[in-house]
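Every number for a ligand or one of its atoms is a count from 1 in the order of the listing. Numbering of residues begins at 1 and proceeds along the displayed sequence.
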Amino acid sequence: MSAKASKEETRADGFHHIPGFLSVNEIHALLDAARSICLEAPLLRPRMTIGGKVIDFKLTLTNAGPLGWWSDERGFRYVDRHPVTEMPFPPIPEIILDIGKRALARCELPPMRIENCLINHYAEGESLGQHQDRTEEDLDAPILSLSVGADALFLLGGMDRKNPTRKYLLRSGDLVIQSGPSRRAFHGIKQIYPTIGNPLRDRGRLNFTLRKVTKETL
Ligand code: SIN
Ligand code: FE2
């Protein structure tokens with residue numbers, strides 16, 4: 001496999017891959033944060049309608065913050081309550097907001113109002129098809145992503161689904177930022193790989209996506 005593994009990359013289109021951005025302590029703090037968020041707002045499997053057929057996502061997710069991303073028969077959207085418990089999502093833990101600030105500074109991007117922390121969980125064999133993040137009102141604010149657990153093959157394409165893709169191997173502790181033109185690029189997780197030393201008991205992968213959703217400023 002020729003995925004870009006451990007070299008830091010900052011591209012002219014605003015895409016950043018910073019391998020090993022998180023310390024071991026931060027990785028464990030993120031795991032603890034995910035566990036307590038999941039106790040209040042359990043992981044759910046979203047669905048989407050394609051050609052009249054309802055299809056289950058090949059991952060489960062939950063959220064922290066005032067707005068949570070969700071998808072079901074009614075489409076992609078942000079909601080202010082967990083779809084099953086009907087309670088607001090737990091607040092985004094300070095440690096995650098601090099990591100977000102440090103990530104933006106590391107990539108020389110201005111501070112941003114982080115309104116959503118989406119937590120994706122990929123069990124062994126799960127994946128996420130190529131898509132653009134287009135549910136936000138603000139499509140210009142960067143998208144931050146932190147990886148914890150199993151390695152993953154991330155495919156980054158262009159503005160058109162048919163554009164060629166580039167492979168990146170995302171490992172536990174890696175930061176990815178899609179800013180500038182790359183904010184709207186197609187991307188997805190083709191597969192995850194069994195990883196030695198995976199801190200997740202089920203050998204899966206967690207991805208924390210930090211986003212600004214509305215047009216409100218700081
Ligand atoms: C996403 O695009 O929503 C998640 C990407 C990832 O899991 O790294
Ligand atoms: Fe995405």
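Residue-ligand proximity, Ile189 to ligand 1, at heavy-atom distances under 4.0 Å covers atoms 6 (C), 7 (O), 8 (O). The atoms of ligand 1 that sit less than 4.0 Å from any heavy atom of Leu128 are 1 (C), 2 (O), 3 (O), 4 (C). For ligand 1, the atoms closer than 4.0 angstrom to any heavy atom of Tyr122 are 4 (C), 5 (C), 6 (C), 7 (O). Those atoms of ligand 1 that come under 4.0 Å of a heavy atom in His187, given as number and element, are 2 (O).
Between Asn207, Leu153, Thr209, it is Asn207 that holds the heavy atom closest to atom 5 (C) of ligand 1. The heavy atom nearest to atom 3 (O) of ligand 1, out of those in Ile119, Asn120, Ile143, is found in Asn120.
Cation-pi geometry between Arg171 and Tyr193 is not satisfied (NZ or CZ under 6.0 Å from the ring centre, within 45° of the ring normal).
With hydrogens and angles disregarded, a donor-acceptor distance shorter than 3.5 Å links the side chain of Glu115 to the backbone of Val213. Between the side chain of Asn198 and the backbone N or O of Gly204 there is at least one donor-acceptor pair closer than 3.5 Å.
His187 and Asp133 share a side-chain donor-acceptor pair at under 3.5 Å.
Relative orientation of the Trp69 and Phe76 rings is tilted, given thresholds of 30° and 60° on the angle between their planes.
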Quiz prompt | Test ring-ring contact (aromatic ring centres under 6.0 Å, His included) applied to Tyr168 and Phe15, step by step | solution = CA-CA 12 Å; Tyr168 291 87; Phe15 179 81; 4.9 Å; yes

Exercise. Determine, stepwise, if the pair Trp70 / Tyr78 fulfils ring-ring contact (aromatic ring centres under 6.0 Å, His included).
Key: CA-CA 6 Å; Trp70 181 238; Tyr78 278 91; over 10 Å; no

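Counting non-hydrogen atoms of neighbouring residues, nucleotides and ligands closer than 6.0 angstrom, the CZ atom of Arg35 exceeds 12 such neighbours.
Neighbouring protein atoms of the Fe ion (ligand 2) (N, O or S, distance under 2.8 Å, waters ignored): His131 NE2, Asp133 OD1, His187 NE2.
Between His131 and ligand 1, an N or O atom pair is found at a separation short of 3.5 Å. On a distance-only criterion, Arg205 and ligand 1 share at least one N/O pair closer than 3.5 Å.
Pairs engaging residues 140-150 under the side chain to side chain donor-acceptor pair (under 3.5 Å) rule: Asp140-Arg184, Ser145-Asn207, Ser147-Arg205 [sequence neighbours left out].
Using a 4.0 Å cut-off between heavy atoms, Val176 makes no contact with ligand 1 at all.
Glu136 and Lys212 are not joined by a salt bridge, as no carboxylate oxygen comes within less than 4.0 angstrom of a charged side-chain nitrogen.
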